[in-house]
Structures are given as structure tokens and as C-alpha cells.
Amino acid sequence: MLSVINIDKSYEGQPLLKGVSFSVDENETVCLLGPSGSGKSTLLRIIAGLEEPEGGDVHWKHASLAGIPTHKRRFGLMFQDYALFPHRNVAENIAFGLKMQNLPADEINARVEHALETIGMAGFAHRKVTELSGGEQQRVALARALAPNPRLLMLDEPLGALDRTLREDLGQELRRILHESKIPAIYVTHDQEEAFSLADRLLLLHQGAIIQGGRPHEFFHHPRNEWVARFFGLGNLVEGTVVSRTPLQVETALGLIHASCDRQSPAPGQRATLLFRPSQAQLTSVEEVNLLAGRVSDQVFQGEKYQVSLTINDRLPEFKILLPNPLAIGERLQVHYPPSDVLCLENGA
Amino acid sequence: MNASHRSLRRWTRRPAFRGLLFWLVPALFLGYFFYQPLLALFNLALKGSALSGWEFDMSALNLTRIWRPLSFTIRQAALSTLLTLILGLPGAWAFTHFTFPGKKFLKTLTTLPFILPTVVVAAGFNALLGPRGWINLGLMSLFNLATPPIQFLNTFGAILVAHVFYNTTIILRVVSNAWSQQNIRLQHASQVLGASPWHTFKEITLPQLKPAIFSGTLLVFLFNFSSFGVVLMLGGPQYATLEVEIYVQALHLLNLPMASVLSILQLLCTLLITLGHNRASGLGDLVAAPPARGITPRKPTRVIERVVLILIITTLFVLLVAPLSSLALRSIVKLEPTRGERGEIERGLTLQFYRELAVNRRGDLFFVPPITAARNSFLFALITIGLTLTLGLLVAYAQRYRTPLNKILDPLLMLPLGASAITLGLGFIIVFNRPPFSTLRFPLLIPIAHTLVALPFIVRTLSPALRNISTSLRNAARVLGASPLRVWREVDLPLMTPSILVSTIFALTISLGEFGASTFLVRPDYPTLPVAIYRYISQPGALNYGQALAMSTILMLVCAAGIFTIERLQKSEKDGN
């Protein structure tokens with residue numbers, strides 16, 4: 001339905017978005033994930049028509065939206081700071097979009113009432129928005145964005161301004177409401193947990209481009225490159241030079257490592273990064289490859305498991321593994337990684 | 001140490017007592033020099049009405065004598081305010097949304113009217129549009145006319161134009177301040193929800209601007225309502241506002257009871273307007289949510305934007321610059337023959353008017369040379385600075401102690417703001433026109449009157465500055481071994497210095513330019529600059545006119561230097577934080 005095609009935009013002379021393309025289909029919540037400053041909000045504002053792209057186009061059902069002013073696009077946008085109108089009460093805020101469609105008063109009232117019920121705030125109609133708590137404001141902002149039945153809903157870090165517990169509660173509620181409304185949505189956040197819990201599809205924005213897109217679990221199992229793995233904190237990353245392609249062997253500070261690759265393997269001589277997931281470390285092994293020996297320098301109890309830091313050699317940062325039982329600090333230890341569990345990644349930007 | 005001693009000591013350490021100590025001197029000063037004259041006014045108004053046989057419900061003549069100036073005052077104030085809005089609101093729009101070359105300069109210019117004495121502005125318009133002003137002299141020589149073709153002085157229009165000059169920048173500043181602090185996201189939200197630009201303006205922007213517009217309008221109305229110098233010097237006798245009528249009744253017709261009645265009426269009206277204004281600005285605080293992101297001005301892009309922008313800016317620029325620059329230029333150019341000179345005169349640049357300032361040509365005992373007036377003015381200004389700073393600091397410290405006393409004394413302190421300078425002057429001559437302080441023998445009454453006019457402004461500058469000094473700074477100094485006096489010298493004083501400087505300049509410029517009260521209090525042989533300007537400008541002869549303009553120019557330059565210094569001080573303070 002929505003297609004974003006090759007959008008370019010710069011900010012204060014620096015390129016911010018460089019040829020961003022993606023699309024959003026019916027009934028789909030797409031999450032735009034990226035560190036702050038990656039241009040996520042700008043992208044939303046371009047889709048809403050609040051800003052002009054310097055290159056590229058935005059299409060709705062294959063028709064260009066260029067030249068169509070914001071107020072005629074019938075999109076919904078929920079702002080990070082909610083942007084509730086301070087001079088209007090809760091009901092008047094929610095009614096605003098309906099009023100702009102010149103709907104009859106009874107219909108407006110009925111829909112506002114329904115919206116208030118949906119967000120669990122019936123009875124708040126005449127409250128001042130300035131007197132609401134952060135969570136209540138967030139819900140009113142959502143109701144206001146949804147009330148006019150937008151063709152597309154965009155949410156700009158909707159939970160960003162809330163504290164942690166509230167964020168989890170409202171995140172669930174948001175998921176329910178988005179699911180029930182069946183409106184296609186673009187959800188912008190820098191918080192990966194939020195993104196995983198809400199997204200049907202995830203788009204990772206890095207340096208002005210979408211670096212990887214797909215279902216949330218794909219990012220875990222098949223990170224596209226070293227930067228993606230680092231962004232999601234997937235595990236220990238060790239750089240090295242490819243020695244042979246089949247079998248894939250990489251020379252690193254840990255020694256010669258046998259690895260696997262879910263794309264085309266890099267050619268010998270190329271630099272690559274290896275991902276060792278902490279949970280996949282094995283303590284016992286009959287194999288003679290991929291053996292890492294080190295000394296326990298620290299350990300932290302993390303609920304069910306212990307995160308153990310190993311000092312392997314001075315050239316490497318601490319190597320983190322997850323173990324079911326505690327060890328003594330200073331103890332020497334050898335762990336093994338099966339070659340199929342060492343993922344060879346393209347060096348990221 | 002016995003028990004009663006100790007309890008006394010404990011009592012003297014209570015904040016209420018300390019607050020009282022600080023309040024003592026300012027309260028006595030205000031009581032003696034403001035409330036005593038005010039009561040005397042009331043008294044005279046009531047007694048006078050009984051004595052002279054007319055009462056409020058009586059003689060139609062007396063009622064018209066009250067009604068006519070009152071209705072005229074309201075009418076001219078309303079019309080001036082309307083014109084000011086017509087010019088100021090588009091200006092506010094332009095300043096909020098656009099950047100343009102010369103914006104900074106224009107912004108600095110807009111601070112000028114806040115502090116320019118009314119006589120200077122009147123002289124400026126006189127030099128531009130008066131019978132001996134640039135435009136009339138130009139037209140006369142161009143078309144060989146015998147008389148000035150444009151009649152500007154003594155017209156209703158002159159009053160309106162001068163009021164617009166004075167007050168446009170108030171609307172400009174108040175409204176564009178509020179406007180640029182509006183959260184831009186609110187407008188975006190409204191657009192996304194389907195509101196067209198016009199609807200967005202009507203439904204979102206305007207409702208949020210309303211408090212600022214309302215409060216600015218009331219402020220402008222208040223200034224127009226109590227305007228004196230402009231009306232007297234540009235409007236002439238047939239346009240009597242309440243203020244001018246008080247002046248005429250008191251000083252020309254010597255009808256003090258009538259003047260008192262008008263004064264009280266004036267005071268009640270201004271109090272009413274002030275009350276409305278305070279409410280309006282309170283409303284503004286209520287609505288204003290903290291701006292996440294204000295409106296950033298941008299370059300005008302569309303042709304229509306540029307055209308409108310150029311139109312607005314040119315108008316503002318001409319309005320602000322034309323009278324002031326023609327004043328300065330006219331004071332150094334000789335265009336007419338001096339009295340006694342015959343035949344062809346030499347036209348051209350001259351510093352004659354400035355040189356003549358020190359000369360008493362007439363040898364008249366009561367006619368002092370302008371330089372004496374300047375000397376008097378600066379002397380009075382120095383005394384005013386000393387008095388206001390002392391009283392202002394005392395009040396600022398008194399307000400720091402949160403005692404129930406403050407609730408009563410704060411508004412009493414601000415009341416002089418509502419009383420016009422004319423009322424003050426009138427009260428002074430009623431109360432002090434006999435020993436021990438005869439106005440004729442005791443010139444100190446003038447700086448005292450100036451102090452009363454300036455004090456509310458100074459308190460509003462000093463008090464917040466003092467409040468902003470964190471107590472932990474003082475505590476830190478004390479823990480490090482500083483005695484209370486040392487704490488004051490090392491912490492309070494340096495942090496207060498910028499505000500004290502600002503207050504000094506405020507006091508200086510207010511005292512230098514004060515006209516209303518001074519007209520009542522100056523002795524003929526002891527005039528201040530504004531009074532001397534008023535006298536000289538209405539005298540015949542090119543020399544007198546030139547000298548009046550020269551004095552006005554000097555006054556203008558001093559005030560301009562003052563306000564620019566204040567701006568810089570306040571800016572550097574803001575940057576420092």
C-alpha cells in the first residue's frame with residue numbers, strides 16, 4: 001500500500017537518508033529500528049508530508065503523494081512528545097481530526113466515546129490534557145491519531161518518554177489496539193525489545209539506509225553483518241583474515257577458527273568478523289578445533305545462568321560466555337565452539 | 001544571659017523580624033512620599049467637591065468637564081491600540097517565522113521606544129512632520145510655498161502616530177515571543193489530523209496566542225490611556241486626555257480639587273486595566289506547555305511571502321527610524337534664519353545649536369541656558385539612582401523572607417506603577433507645597449518623585465536576580481568560613497552585579513526622561529532637560545527650535561546607549577547560564 005522509494009534527505013549539510021526504500025502492506029506493523037539520530041523521525045515526517053524529500057518519492061497504492069499537502073493525506077501520526085493541544089480537553093483533542101472531516105456532531109461524540117473506551121479512559125472526556133499523567137497522555141495521543149480512521153498510522157517513539165514498567169504495560173496495550181484496528185502501521189523506535197514485541201516486520205536503519213529487513217527472529221539468527229550483530233548485542237565479535245573457503249577457516253587472535261557462513265563465504269585473504277554466541281559455548285569436547293583457553297576474570301549471576309568473563313589473551317577484550325554453574329575467579333578454563341555455531345560475518349561499516 | 005534576653009535574641013532571628021527590618025525603610029519612604037500625597041488627593045477631591053459646591057451628581061458643567069476628557073482618553077487609547085495591533089501583529093508574524101537581512105538591527109531598534117522620553121519622541125515627530133520639520137520645509141522650498149503644507153502638530157493624527165510608534169514594539173515583542181515558543185509539533189499534529197493551514201491557524205495557533213495578544217493589547221491600552229507628554233506636545237490644548245486635563249486644571253486654572261477628582265478617576269481606571277492585565281498574563285502561564293521545539297525562523301521562499309515581508313519590515317523600519325533620525329539630523333542642520341537674521345541665510349551643517357546650549361542669550365534671570373538644565377537632570381538622575389538602588393535592594397531582600405507581611409506590602413509597593421507621574425506631581429504640590437519641604441525650596445522632591453516612578457521597575461529587576469541565587473552557594477561559602485557580611489560580598493554582590501547595573505541604567509534613563517511629575521515640581525530657574533526641551537520647542541525662532549532638538553538628541557543618545565547596554569548585559573547573562 002505504502003511504498004517509500006529511494007528517499008534522500010540531508011540535515012544541516014550532512015546526508016541523513018541515502019536512498020531509503022521499503023513498503024508497508026495491509027494489516028502489517030512495520031518497525032523502523034535504529035539508533036538515535038539515524039533519521040527515523042525525519043522519514044516519518046517525509047511520509048506525512050511535513051517535510052520534503054530531496055530525492056525519491058512516496059507512493060500510496062502506486063500513486064505518488066508528491067504535491068499532496070499533509071492535511072489531505074489521511075495518515076495518522078503519533079508524536080514522540082504527543083503534541084496534545086493544551087487549550088483543548090481530552091475529548092476535544094480526540095475530536096479534532098473528526099471535526100476536520102466535517103462530520104456531524106453526534107457521530108463525532110459517538111466516535112470519541114468509543115475511542116475513549118478503547119483506550120480505557122472513559123470518564124476522562126472533560127479532563128485537561130495538561131493534568132494527565134504521561135501514560136494517560138500517551139493513550140489520548142493514540143486515540144486522537146486513530147479516531148479519524150487513518151489509512152496508515154505512524155508512531156514516533158510512542159513509549160520513549162515513559163518509565164520502564166509503564167512502557168511494558170502500554171506496549172502490550174498498543175499491540176492489542178494496533179492488532180484490533182487492522183490499520184497498517186509504521187512504528188519507530190530505538191529500543192529493540194519494543195521493536196521485537198510489536199513488529200510484524202523489522203527494518204534496521206543505519207547510516208541513512210536500511211541495512212537489513214525481515215522478521216524479528218531473522219535478525220537473531222542471521223545478522224546481515226558485524227554492525228547488526230553488534231547493535232543487537234548478539235555476542236563476542238572477533239576479527240580475522242579468511243584463510244580458506246571450504247572448509248571456512250579464519251585466522252584470528254584466538255588462533256585458527258573453523259566457522260560457517262549463511263551467505264556466500266568470503267574469499268581467502270578477506271577480512272571477516274566471527275560471532276561467538278555466549279550461550280553456545282561448550283565446556284566438554286572431543287574435538288581438537290575451536291578450543292579457547294582462558295582464565296575466569298569475573299562472573300555475574302544473571303537469573304538462570306552465570307555470565308562468565310574469560311581473559312583469553314591481552315589483545316582481545318573479555319570473552320563472555322553463559323554457564324549454568326558458577327566458577328571460581330582465577331580458575332583456568334577451556335571452552336569449545338562447534339564450527340556450525342561460529343558465524344562468519346561481513347565486516348560492518 | 002537571662003531568659004528574657006535569650007527569647008529576645010530568638011525573636012530577632014525569626015524571619016518575620018528580619019523581613020520587617022528590611023521593609024522598614026522602604027515602607028516609611030513609600031508611606032511618606034506616596035501614600036500621604038495619595039490620601040491628600042482623595043481628601044481634597046472629597047472636600048473640594050463639598051467646598052466649591054459641586055457634587056458628583058450635580059452640575060452638568062462639572063460632569064462634562066470630567067466626561068469630556070475621560071471619553072476622549074478612552075477613544076484615543078482605543079484607536080491608538082487598534083492601529084498598533086494592525087501594525088504590530090503582522091510584524092510579530094514576520095519576526096516569528098522569517099529571517100531577513102537587518103533583523104538583528106531592527107530587533108535592537110524595537111527596544112528603543114521602551115525607554116525614549118516622550119519629549120524626545122515628540123521632538124522627533126516635530127522634526128519630521130512639524131512646521132519646521134524636514135517634510136514641510138522640503139515641500140515649501142520645492143513648491144515655493146509660504147506656509148507649511150502639512151498640518152501635523154496639534155492634530156488627532158499626531159497623537160495616534162506617536163502612540164503607534166511607542167507601542168508597536170510592545171505587541172511585536174510580546175506576541176512574537178509567545179508565538180515562537182509555540183510547540184511546532186502541535187501545528188504538525190493538526191495538519192496530520194487533516195486541518196488545512198487556515199484551520200490550523202484558527203484552531204491551534206490563534207487560541208494559544210490569545211493570552212499574549214490580550215495581555216499585550218491591555219498593556220498598550222494602559223500606556224495610551226495614561227500618555228501625557230505625547231498628547232501635550234503633539235496634540236495641543238484642544239485634545240485633552242485625563243492626564244493633560246489634570247495638568248491644565250492644576251497648573252493653569254489652579255483648580256486643585258478638580259485636578260484631584262480627575263487624578264483619582266485616572267488612578268481607578270489604570271488599576272482596573274492593570275488588574276485585567278495581570279489576569280491575562282496569568283492565563284498565559286496556565287496555557288503554555290513547555291515547548292519541546294519552538295518555531296525556528298526561516299528564509300522566505302515564496303514570492304508572496306517576500307512581498308508581504310518587505311512591506312511589513314519597511315513600514316516598521318520607517319516608523320522607528322524616520323522620526324529619530326530626522327531629529328538627530330535636524331539638530332545639526334541649519335535650514336531657517338535665526339531671529340534677527342535677514343536676507344539670504346547660509347544653509348548647511350552646523351554645530352551652532354550645540355554650542356549655543358551653554359549660552360544665556362537673553363541674560364534673563366529666570367531663563368537658564370540649556371546646559372544648566374542638563375546639569376540639573378544628571379544631578380537628579382544620580383540621586384535617583386542612589387535612592388532606587390538602596391530602596392530596591394532593601395525590598396528585594398525583604399521579599400526573600402517569606403512573611404505574611406509580604407502579601408500586604410508587595411501590592412502596595414507596585415501601586416505607584418499604576419499611579420501616573422502627573423498624579424504623583426499633583427500629590428506632591430498639594431502635600432509639600434509648604435514648609436518643611438516647599439517644592440520651591442526643596443529641589444530634592446524631583447528625584448524623590450523619579451524614584452517613585454522607577455522603583456517598581458527596579459524591584460522587578462533586582463528581586464528575581466536575588467531569588468535566583470541558590471542558597472547552597474551561600475551555605476557553601478559559610479561552611480568554607482565566610483562571615484555573613486563576607487558571604488554577601490563574595491556571593492550575593494558579584495552575582496547581583498549585572499542586575500544592579502541594569503537597575504542603574506533604568507533609574508538613569510527614567511529620571512533623565514521623566515516629564516509628567518517634573519512639570520509640576522521644577523522651579524522656573526531650575527528646569528530639567530525634558531522641561532527645557534518642552535519650553536524651547538514651543539518658542540519661536542530657529543535657534544530655540546534647534547536647541548530643543550539638540551537637547552533631545554543628546555537625551556536620545558544617552559537613553560539609546562543605556563538600553564543597548566541593558567540588552568547586552570541581559571544577553572551575556574543569559575548566555576552565561
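Every chain is numbered from 1 and lettered A, B, ... according to where its sequence line falls, protein lines coming before strand lines.
Heavy atoms of other residues, nucleotides or ligands lying less than 6.0 angstrom from NZ of A:Lys72 number 12 at most. Applying the 6.0 Å contact sphere to CD of A:Glu26 captures no more than 12 heavy atoms from other residues, nucleotides or ligands. At most 12 non-hydrogen atoms from other residues, nucleotides or ligands lie less than 6.0 angstrom from CZ of B:Arg302.
Residue contact with chain B, scored on non-hydrogen atoms closer than 4.5 Å, involves the side chain of A:Arg88 exclusively. Within the 4.5 angstrom heavy-atom criterion, only side-chain atoms of A:Phe79, from C-beta onward, approach chain B. Proximity to chain A (any heavy atom under 4.5 Å) is shown, for B:Gln187, by neither the backbone nor the side chain. Neither the backbone nor the side chain of B:Thr200 comes within less than 4.5 Å of any heavy atom of chain A.
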Requested in this report: With side-chain contact (heavy atoms from CB on, under 4.5 Å) as the test, would you mind laying out the steps for A:His71 and B:His199 before giving the verdict?
Outcome: CA-CA 10 Å; A:His71 64 278; B:His199 268 112; over 6 Å; no

Report task. For B:Arg185 and A:Asp81, run side-chain contact (heavy atoms from CB on, under 4.5 Å): C-alpha distance rounded to whole Å, both residues' side-chain angles, the deciding distance at 0.1 Å, then the answer. Result -> CA-CA 8 Å; B:Arg185 299 234 196 285; A:Asp81 56 3; 3.4 Å; yes

Report task. Kindly indicate, with the supporting measurements, whether the criterion side-chain contact (heavy atoms from CB on, under 4.5 Å) is fulfilled by B:Val192 and A:Arg73. Result -> CA-CA 8 Å; B:Val192 173; A:Arg73 294 196 178 189; over 6 Å; no

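Within residues 89-120 of chain A, the residues having any heavy atom less than 4.5 Å from a heavy atom of chain B are, in residue-number order, A:Phe96, A:Gly97, A:Lys99, A:Met100.
The minimum heavy-atom distance linking B:Leu186 with A:Ala83 is given by the pair CD2-O, 3.1 Å. When all heavy atoms of A:His87 and B:Glu203 are compared, the pair lying nearest together is NE2-O, 2.9 Å. Across every non-hydrogen atom of A:Pro148 and B:Leu193, the tightest pair is CG-CD2, 3.9 Å.
Applying side chain to side chain contact (heavy atoms under 4.5 Å, CB included) to B:His188 and the options A:Thr70, A:Leu50, A:Leu77 leaves one that passes, A:Leu50.
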